[in-house]
Amino acid sequence: MRYDLVIFDNDGVLVDSEPISNKLLAGYLTELGHPTSYEDSLRDYMGGALHRVHDLVWERSGQRLPVDFDEVFHARVFSVFERELKPVAGAVEVLEELAADGVAYCLASSGSHERIRVGHRAAGLDKWFDEKRVFSSQDVGRGKPAPDLFLHAAERMGVAPGRCVVVEDSPLGVQAAVAAGMDVYGFTAMTPAERLSGATELFGDLKELPSLLA
């Protein structure tokens, strides 16, 4: 294989959470007096940590979100995750193949550790990711598009950045991977290919991934 480590984004790559979380985020921001459509949320926040929501709302409106914003939002998201969340089509097959071939992999997500765990339990992916394979923006000072999270994951997994490949579906994630000096494969199932134009490769079906990595 061309790489020593595969770093997966989580939301939208392994779990089909982006439609759920962005609809809920758009609705909640609109409730709070910051009109936001689903498309707005995808454009502005997909792939970013929640601090990005706080930062952009403040920048645009001069208003702070409520102190319990994160808590309320997560409660809404987790409730729907537990009822509806599924793995992305092909995710289980890809993980099975990587594990069978002894390929090192991990995930690096803008979501909190709790969000990752709740989502993985609901989608049935928790057996593939022990604590040593899970990295969150909570672990570093800056989330995507800063490279910090991917560099942290590579360091903890003991692999040089140039030997890593990132699998991402958001422009912010692609920017972060490029900044980290890593190749990045842009997953276009939900994101138009032109928005991931900085990626090393583009693909639209997770089942294509193992052959791309060979």
Side-chain angles (χ1 to χ4, degrees), residues 3 6-30 34-60 73 77 85-91 94 106-111 115-116 119 123 135-137 140 142-151 153-154 161 164-213:
Y3 305 98
V6 181
I7 304 176
F8 289 96
D9 176 43
N10 187 51
D11 294 292
V13 172
L14 295 175
V15 293
D16 194 17
S17 53
E18 294 291 10
I20 293 171
S21 57
N22 281 283
K23 285 173 185 173
L24 290 171
L25 179 57
Y28 189 25
L29 287 172
T30 300
H34 305 285
T36 306
S37 69
Y38 173 65
E39 292 74 19
D40 293 337
S41 185
L42 288 175
R43 182 193 66 224
D44 293 340
Y45 304 121
M46 181 175 166
L50 269 183
H51 68 74
R52 179 176 174 84
V53 181
H54 290 265
D55 292 346
L56 283 184
V57 168
W58 168 250
E59 179 183 311
R60 292 169 174 174
F73 177 63
V77 168
L85 190 63
K86 305 293 183 189
V88 169
V94 167
C106 66
L107 74 82
S109 172
S110 292
R115 176 186 171 116
I116 296 165
F135 305 98
S136 161
S137 61
V140 295
R142 299 180 299 167
K144 305 169 190 177
D148 305 37
L149 176 56
F150 290 138
L151 292 172
C164 299
V165 62
V166 175
V167 184
E168 263 288 355
D169 71 331
S170 76
L172 294 175
V174 168
Q175 292 172 44
V178 171
M182 301 176 181
D183 281 359
V184 53
Y185 287 10
F187 184 44
T188 61
M190 260 195 68
T191 308
E194 59 269 20
R195 297 199 66 212
L196 303 178
S197 60
T200 312
E201 301 274 357
L202 296 172
F203 70 108
D205 184 335
L206 271 187
K207 293 178 184 177
E208 300 173 43
L209 185 61
S211 62
L212 292 173
L213 296 174

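Quick note: numbers below take in every heavy atom, side chains included, and nothing from hydrogens, waters or symmetry partners.
- The ring pair (Phe, Tyr, Trp, His ring centres under 6.0 Å) check on H51 picks up nothing, with sequence neighbours excluded.
- In terms of heavy atoms, F187 sits closest to D205 at CE1-N, 3.9 Å.
- Here the shortest heavy-atom pairing between D183 and T200 reads CA-OG1, 3.4 Å.
- Aromatic ring pairs are classed by plane angle as parallel below 30°, tilted from 30° to 60° and perpendicular above 60°; the pair F73 and Y28 is parallel.
- If you take CZ on F135 and CG on L107, they are separated by 8.5 Å, rounding to the nearest 0.5 Å.
- Although no hydrogens or angles enter the test, the distance criterion places a donor-acceptor pair under 3.5 Å between the side chain of S211 and the main chain of E208.
- Closest approach of S110 and L149 over heavy atoms only: N-CD2, 4.3 Å.
- Among the candidates L209, L14, L213, the single residue satisfying the side chain to side chain contact (heavy atoms under 4.5 Å, CB included) test with V167 is L209.
- Put simply, CG on N10 and CD on E168 are 10.0 Å apart, with the number rounded to the nearest 0.5 Å.
- No donor-acceptor pair closer than 3.5 Å links the side chain of T191 to the backbone N or O of S170.
- Residues L50 and R115 are not in side-chain contact: their nearest non-hydrogen atoms beyond the backbone lie 4.5 Å or more apart.
- Put simply, SG on C164 and CG on L151 are 9.0 Å apart, with the number rounded to the nearest 0.5 Å.
- In this structure, R195 and V174 have side chains that are not in contact, with every pair of non-hydrogen atoms separated by 4.5 Å or more.
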Dump the intermediate steps for side chain to side chain contact (heavy atoms under 4.5 Å, CB included) on V165 and E201, then the final yes or no. CA-CA 10 Å; V165 62; E201 301 274 357; over 6 Å; no
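- Atom CG of L196 is separated from atom CD of Q175 by 10.0 Å, given to the nearest 0.5 angstrom.
- D9 meets the salt bridge (Lys or Arg N to Asp or Glu O under 4.0 Å) test with K144; sequence neighbours excluded.
- Closest heavy-atom contact between V13 and L206: O-CD1, 3.1 Å.
- Nearest heavy-atom pair across A180 and P161 is O-CB, 3.5 Å.
- Closest approach of R142 and P147 over heavy atoms only: NH2-CD, 4.4 Å.
- Panel note: side chain S109, backbone S136; no donor-acceptor pair is recorded below 3.5 Å.
- Separating the CG atom in L42 from the CG atom in N22 is a distance of 4.5 Å, to the nearest 0.5 Å.
- Under 4.0 Å is where a charged nitrogen must lie from a carboxylate oxygen, and between D55 and R52 no such pair does.
- Residues L29 and V53 form a side-chain contact, since some pair of their non-hydrogen atoms from C-beta on lies under 4.5 Å apart.
- Note that CH2 of W58 is 11.0 Å distant from NE2 of H34, once rounded to the nearest 0.5 Å.
- Side-chain contact between P87 and D16 is absent, with no heavy-atom pair separated by less than 4.5 Å.
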